[in-house]
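Hydrogens, waters and symmetry mates play no part in the numbers below; they use all other heavy atoms, side chains included.
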Amino acid sequence: QTCALPIYRSDVGEEICWRLPVPQGPNLFRPLHTRFAPIWPLEGTTPVYGVGTTFGCEGVPVSYHHFFARNLTSRQAPTAPLNLDSTFTAVLKTDGSGTIKLPLTLTAGPRKTDVTIDGSFTQPAGGYAFTGRISSSQANVDDLMMLTGLVPATGTPTPAPASGGRPAAPASGPFWKGMTGRIEADLKNVQSGTYVLSGLRGTLQVTDNCIAVSGLEGTFRNNNPFKLSANLNYQAAQARPYVLDGNLDVTGLDVGEILRQANPNERPALETKVNVTGRIAATAAQPDGLLENLTGQFDATGSAGTLRALGKKGEAVNALGTALAIFGAVRGSDNALAASQLAAELNELRFEKFSVKVVRGADLNLQLSALDFVSPIMHLTGKGQITYRAGVPIDLQPLELQLQLGSKEQLAQLMNRAGMLDATADASGYYPLKRPFIITGTAAKPDSAQLWRMVAEAGLGAAGLLGR
């Protein structure tokens with residue numbers, strides 16, 4: 001046949017007409033569809049594309065396609081080539097409606113993503129309306145998002161800017177433009193960065209400018225169950241047109257395990273399992289910026305557990321305790337001996353209840369308030385902040401807590417003998433320290449140096465050595 005476009009010969013010996021990929025925008029290339037194309041490996045171009053056959057049956061067009069793309073690169077990962085494969089079937093009726101089954105496999109280095117779309121569609125003006133199911137055994141969100149930033153392998157990739165400076169989303173509409181409908185999701189394993197979600201099930205209702213997620217359930221990080229309902233809106237007039245809001249519930253979040261992963265060489269500063277309820281929100285120029293820009297208000301309540309954030313490493317505790325005990329014995333001071341016992345007692349505190357309110361604002365800092373640890377002999381209260389650092393896990397971001405410790409019974413007796421307590425109990429019968437103290441460091445490695453200076457001062461003062 002005569003064709004102004006380049007003609008290639010396929011591996012089955014038939015001539016086909018193929019349009020080379022053309023730019024759809026800055027550094028964005030996509031292959032165009034062909035009317036007829038047997039399965040073949042395209043030669044002489046990089047990246048490489050291929051398409052399968054199209055045929056008809058009793059007047060109803062039926063398609064069977066094998067599509068592949070090799071050696072693609074992306075703005076998000078310019079050094080990691082992508083390989084895409086899909087073998088799918090579709091039935092198209094004369095009114096434009098039909099059915100489709102589309103299994104998609106994407107590989108990026110050692111990672112592999114598989115997604116299958118199965119359902120029916122119609123073609124209203126300006127797009128497609130789809131009703132069906134999307135399923136996956138393994139999906140990597142970061143790799144899927146690379147498809148939105150493809151560049152030719154021989155071209156010069158445009159580096160991805162930091163999240164705060166991502167280019168604005170195309171003015172033409174959201175990434176789902178032209179697609180509406182209702183989708184049931186069943187995703188076995190989804191990974192985005194360091195976050196892994198498992199057993200995801202829920203419903204997506206897609207309209208022109210909104211994806212509504214309802215009844216989404218799954219687990220993350222050591223099988224912690226969660227429930228989510230949310231709306232992702234597209235507001236074209238905004239600098240950050242993707243707008244997310246929703247409600248989140250998490251059950252049995254193992255705080256100790258999270259901190260143990262961040263600092264495996266030490267026992268966790270806090271061990272408890274918490275239930276979290278809250279409202280989330282985010283805006284972003286591109287969908288992959290929503291998680292980083294997430295804000296919200298959360299209430300967390302914890303089970304009985306252990307607090308080690310007030311302690312020091314064993315060697316320091318033993319050294320301080322031994323020194324205070326020696327000074328106490330030499331000076332005959334019961335107060336210094338009490339301070340030495342207190343050094344060991346504070347290293348590990350048991351509690352029965354834990355609660356905290358958390359707010360993450362536009363500055364992405366975590367504001368902690370109404371912090372509350374309760375046991376029969378201890379009541380620790382306070383507030384504070386975890387200061388946001390881009391690219392740093394939350395448990396390693398700077399921490400500052402302003403705390404007050406109240407005590408009863410044997411703990412109060414030790415603190416009183418060490419001369420650290422106020423003489424007046426609070427409404428619940430706990431005797432507070434004479435002054436509050438500050439914890440710094442990180443959630444994974446808290447620094448309680450100020451509290452320990454207070455203990456040392458009390459013990460040395462009682463031994464008659466302070467100020468000499």
Query raised in the report: Does Phe373 have any ring-ring contact (aromatic ring centres under 6.0 Å, His included) partners at least two apart in sequence or in another chain, and if so, which?
Result: Phe351, Phe354
Query raised in the report: Does a side-chain N-to-carboxylate-O contact under 4.0 Å join Glu352 and Arg350?
Result: no
Side-chain atoms of residues 209-217: list all donor-acceptor pairs with protein atoms under 3.5 Å, sequence neighbours left out, distances to 0.1 Å.
none

Query - With Pro432, the side chain to side chain contact (heavy atoms under 4.5 Å, CB included) member among His379, Gln404, Met420 - result: Gln404
Query - Residues Asp299 and Lys357 bridged, charged N to O under 4.0 Å - result: yes
Query raised in the report: Is a side-chain donor-acceptor pair under 3.5 Å present for Thr440 with Glu400?
Result: no
Query raised in the report: Salt bridge between Glu348 and Arg267, side-chain N to carboxylate O under 4.0 Å?
Result: yes
Query raised in the report: Which pair of non-hydrogen atoms, one from Leu411 and one from Ile377, has the smallest distance, and what is that distance?
Result: CD2-O, 3.6 Å
Query raised in the report: For Pro103, which of Thr116, Val115, Ile117 qualifies under side chain to side chain contact (heavy atoms under 4.5 Å, CB included)?
Result: Thr116
Query raised in the report: Just by distance, with hydrogens left out, do Tyr431 and Gln413 show a side-chain donor and acceptor under 3.5 Å apart?
Result: no
Query - Distance (rounded to the nearest 0.5 Å) between Leu368 CG and Lys383 NZ - result: 11.5 Å
Query raised in the report: Are the charged groups of Asp245 and Arg279 less than 4.0 angstrom apart, N to O?
Result: yes
